[in-house]
Amino acid sequence: MPTTDLIADLEWRGLLKQCSDLEALKAALKTQQTFYCGFDPTADSLHIGNLLPLMALRRVQEHGHKAIAIVGGGTGLIGDPSGKANERTLNTPETVAAFVKRIEVQIRSILIPDKTIIEDNASWICKLSAVELLRDVGKHFTIAWMLAKESVSARLESGISFTEFTYMILQSYDFVVLNERHGCTVQIGGSDQWGNMTAGIDLVRKLRGQQTFVVTFPLITTSSGKKFGKSEAGAIWMDPAKTSPYAFYQFWVNSEDPDVPRFLRQFTLLSHIEIEAIETEHNARPELRSGHKRLAAEVTRMVHGEEELQKVILASQALFGGADLATADVSTLIEATASAPSTEVDLANIPQVADLLVTLGLATSKGDAGRLMKGGGFYINNQQVDAGSVPTLSADHFLGGRLCILRKGKKSYATVRVAGA
RNA sequence: GGGUAGGUGCCCGAGCGGUUAAAGGGGGCAGACUGUAAAUCUGCUGGCUUACGCCUACGCUGGUUCGAACCCAGCCCUACCCA
């Protein structure tokens, strides 16, 4: 059941950047191994940047190995200096604990439930006494060696507290605990975690006399060099309350062409053959955007489920199909746009358009709304409003007397519903 | 503790007594062209206001002045150098 194909698969998918000892790992993978990856509870939801490590763990499972996800309820109280230019503000233990709970649920939804172990490192880190930490763990680290780590050396100029300085020790200790409890032998993570992770290898060797491995995947960038995972509204979250399924789906549909093949490999479970077929199709008819749509569908289904996906596809078709919304089925539209921002109005007293745009988050201020309308970037029910004119909403704008769709630019929309309808 | 250079809008960065809501660039938003892509071109990019206009803004607090981002004083912070 366990296979060494895992490495080849990761390589093909562009998910393998570095490995501490590739040949030895390949040999080890002939028998079932246990992998782990850590997730930092820095917010109340994971975002799509975290999807990559999750997918990596999922692939580990698909190839018959075991996967552990660690939620850093303990390390999250300290703060990882890796890749951070400045010391970070500490969250309260209550906040971190709340983040941990929510993130655990999300992790479970992506991984194969009955094959997944989730651990919160607070359960051992918080029990560690200062003396234990210093005698049993700290004794194995020399200052010179720690200072040489990129995560620390990069911060010597700008400043790093003792707190964050010790982070790598705690993360290393995680590896030791998992090795002891679950026989965990491989840690995977982003390449920015290389320093912390290799520190773990050393500590496991010293404390448990066992060889362990580290595998990293590259950090994701878009082909035009923009930061991956950000949209106009900020990060793309997995929590539907923070990023609507519609916005989530649209994020992927809007991927740049050159990124699509890579994203299909990295973020979907589609097979090599399927992906290559999609690529061929895309190259033949790029204007159909079939690759984008498939990518968006796969990822949205995985994160939000089939039902949400269907709604979102309906909404996308209605809004981008160029259909005349006046003739569309209102119930379907209402259903399809359920995940968009929305507000209710009273037909007898419809607020000004600018105010509505602000309430719905399509504009940041009335001035911003005014500029938008002035520039011709505003649509009511898919009808572009003439640049310069200032529209007012009337009862006629409400499809079936119930729904009015406001759109900003090509991609952002929100709905106005009639109260009680 | 001493010295030097600095702290300007989302970021970088010009301005160094009035014509400065503050050059220029980046980023962002929108329009055109396409394919809900990229590239390119164009417009916008503090808030309120139908509008005249009003308010807020150049580290903080005071002061000089008819008038200050710009001058003065004190303070805070950052970087580098010396103890």
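Side chains are part of it too, since the values below use all heavy atoms of this structure and drop only hydrogens, waters and symmetry mates. Note on naming: letters A, B, ... go to the chains in the order of the sequence lines (proteins, then strands), and numbering restarts at 1 for each one.
For A/E287 and B/U36, the CD to C1' distance is 14 Å, given to the nearest whole Å. Remark: P of B/A30 and CD of A/Q384 are 12 Å apart, rounded to the nearest angstrom. The nearest whole Å value for the distance from the CG atom in A/D368 to the C1' atom in B/C10 is 14 Å. Straight-line distance from the NE2 atom of A/H292 to the C1' atom of B/G35: 9 Å, rounded to whole Å. Rounded to a whole Å, the CG atom of A/L288 is 13 Å from the C1' atom of B/U36. For the pair A/K410 NZ and B/C29 P, the interatomic distance rounds to 13 Å; values are reported in whole Å. Between the CD atom of A/E256 and the C1' atom of B/A37 there is a distance of 7 Å, given to the nearest Å. The distance from atom CD1 of A/I313 to atom P of B/U36 is 17 Å, rounded to the nearest whole Å.
Comparing B/C10 with B/U45, their C1' atoms are spaced 10 Å from each other, to the whole Å. B/G74 sits 39 Å from B/G25 when the P atoms are compared, rounded to a whole Å. As rounded to the nearest Å, B/G15 and B/G59 have P atoms that lie 15 Å from one another. B/C60 and B/G9 have their P atoms separated by 10 Å, with the value rounded to a whole Å. Only the C1' atoms considered, B/G3 is 33 Å distant from B/A57, to the nearest whole Å. Taking atom P in both B/A38 and B/G31, the straight-line distance is 13 Å, to the nearest Å. Straight-line distance between the C1' atoms of B/U8 and B/C58: roughly 4 Å, to the nearest whole Å. Comparing the P positions of B/U4 and B/C75 gives an interatomic distance of 15 Å, to the nearest angstrom.
In this structure, B/U34 makes no Watson-Crick or G-U wobble pair, since no nucleotide meets both defining distances under 3.5 angstrom. Both distances falling under 3.5 Å, in either a Watson-Crick or a G-U wobble arrangement, place B/C80 opposite B/G3. Across all strands shown, B/C60 forms a Watson-Crick or G-U wobble pair with B/G74, both key distances being under 3.5 Å. Summarising the base pairing, B/A14 is matched to no nucleotide, lacking a Watson-Crick or G-U wobble pair whose two defining distances lie under 3.5 Å. Both distances falling under 3.5 Å, in either a Watson-Crick or a G-U wobble arrangement, occur for no nucleotide opposite B/U65.
Taking 4.0 angstrom as the limit, A/S365 places none of its side-chain polar atoms (N or O) nearer than this to OP1 or OP2 of B/G46. A close approach under 4.0 Å does not occur between any side-chain nitrogen or oxygen of A/Y413 and OP1 or OP2 of B/U36. Under 4.0 angstrom from either OP1 or OP2 of B/C29 there lies no side-chain N or O belonging to A/K374. Here A/K366 reaches the OP1 or OP2 of B/U49: one of its side-chain N or O atoms lies under 4.0 Å away.
If you check B/G35, B/G31, B/U36 against the side chain of A/D257, the one that comes closest is B/G35. Comparing B/A30, B/G35, B/U34 against the side chain of A/L372 picks out B/A30 as the nearest. When each of B/G35, B/G31, B/G47 is scored by its nearest atom to the side-chain atoms of A/Y379, the top-ranked nucleotide is B/G31. Side-chain proximity of A/K408 to the nucleotides B/A37, B/A30, B/G31 is greatest for B/A30. For A/S412, whose side chain is taken as the heavy atoms from C-beta onward, the closest listed nucleotide among B/U36, B/A30, B/G35 is B/A30.
A side-chain donor from one of A/Q61 and A/T116 sits under 3.5 Å from a side-chain acceptor of the other. Judged by distance alone, the side chains of A/R262 and A/S255 never bring a donor and an acceptor atom under 3.5 Å apart. At a cut-off of 3.5 Å, with distance as the only test, a side-chain donor of A/S45 or A/Q106 sits close to an acceptor on the other residue.
As judged by a 4.0 angstrom heavy-atom cut-off over every strand, A/Y249 is placed among residues making no nucleic acid contact. Residue contacts shown for A/S255 are limited to sugar-phosphate atoms, with no base heavy atom under 4.0 Å away. Base engagement by A/R289 is indicated by at least one non-hydrogen atom pair under 4.0 Å involving a base atom.
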Test A/M168 against A/N196 for side-chain contact (heavy atoms from CB on, under 4.5 Å), laying out the working first. CA-CA 5 Å; A/M168 76 174 80; A/N196 288 340; 3.3 Å; yes
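The residue from A/H292, A/R289, A/R294 that alone fulfils the side-chain contact (heavy atoms from CB on, under 4.5 Å) condition with A/H282 is A/H292.
Aromatic ring orientation, A/Y246 versus A/Y413: perpendicular (interplanar angle above 60°, classes split at 30° and 60°).
Considering all non-hydrogen atoms of both residues, A/E119 and A/S123 come closest at OE1-OG, 4.5 Å.
Nearer the 5' end of RNA chain B, as judged by each residue's closest nucleotide, is the contact made by A/Q250, out of A/D355 and A/Q250. Along RNA chain B, the nucleotide closest to A/N254 and the one closest to A/G376 are compared, and the more 5′ of them pairs with A/G376.
Within 6.0 Å of the CD atom in A/E11, the count of heavy atoms belonging to other residues, nucleotides or ligands exceeds 12.
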